[in-house]
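Please read the structure below before turning to the comments.
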Amino acid sequence: LQLFNSSPDEAAYYRYILNRENTQNSLVMIQPTLLSYSFNSPPQPALLDAQSVRPDTILLLDTFFHVVVFHGETTAAWREQRYHEREEH
């Protein structure tokens, strides 16, 4: 649990949540999961590394308290062109 750069209230809140959750959720708090989604392969775990950032992938970081989604260049362009709203896709 990170206590640096946190207020005492924030640290107490994170400790309280950590103690109240089950083992699996506690492990996600300690070691967040990073998943890589691609059209060429099923979702798979990814390393927190610059090599995981590719133009044709979507990265999803789950830290239990926050979820961060990163779209690569190609997938971001598809999203801006609204391919996901077209019925043929």
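Start at 1 with the first residue, then count along the sequence.
Proximity of Ser36 to Arg54: side-chain heavy atoms (C-beta onward) are separated by under 4.5 Å at one or more points. You'll find the side chain of Val53 reaches within 4.5 Å of the side chain of Phe70, heavy atoms only. Taking the side chain as every heavy atom from C-beta outward, Leu60 and Val67 approach each other to under 4.5 Å. Using a 4.5 Å heavy-atom cutoff, the side chains of Thr63 and Val28 are not in contact. Within the 4.5 Å cutoff, side-chain heavy atoms of Phe39 are placed close to those of Thr75.
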Just do the side chain to side chain contact (heavy atoms under 4.5 Å, CB included) check on Asn40 and Asp56 with the steps written out, would you? CA-CA 9 Å; Asn40 302 329; Asp56 63 338; 3.5 Å; yes
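Cluster annotation: Leu35 and Leu61 are assigned to distinct hydrophobic clusters (Ile/Leu/Val/Met/Phe/Trp/Tyr, side-chain heavy-atom contacts under 4.5 Å, transitive).
Shown here is Gln24, whose CD atom has no more than 12 heavy atoms of other residues, nucleotides or ligands within 6.0 Å. Within a 6.0 Å radius of CD in Gln81, more than 12 heavy atoms belonging to other residues, nucleotides or ligands are found.
Under the side-chain contact (heavy atoms from CB on, under 4.5 Å) criterion, Ile17 pairs with Tyr13, Glu21, Met29, Phe64, Phe65, not counting sequence neighbours. Partners of Ser41 by side-chain contact (heavy atoms from CB on, under 4.5 Å), not counting sequence neighbours, listed by chain and number: Ser38, Gln44.
The line from CG of Leu18 to CD1 of Ile30 is 5.5 Å long, rounded to the nearest 0.5 Å. Here the CD-OG1 distance, from Glu73 to Thr57, works out to 11.0 Å after rounding to the nearest 0.5 Å. In this structure, CG on Leu59 lies 9.5 Å from CG on Leu48, to the nearest 0.5 angstrom.
In this structure, Asn22 contributes its side chain and Asn25 its backbone to a donor-acceptor pair below 3.5 Å.
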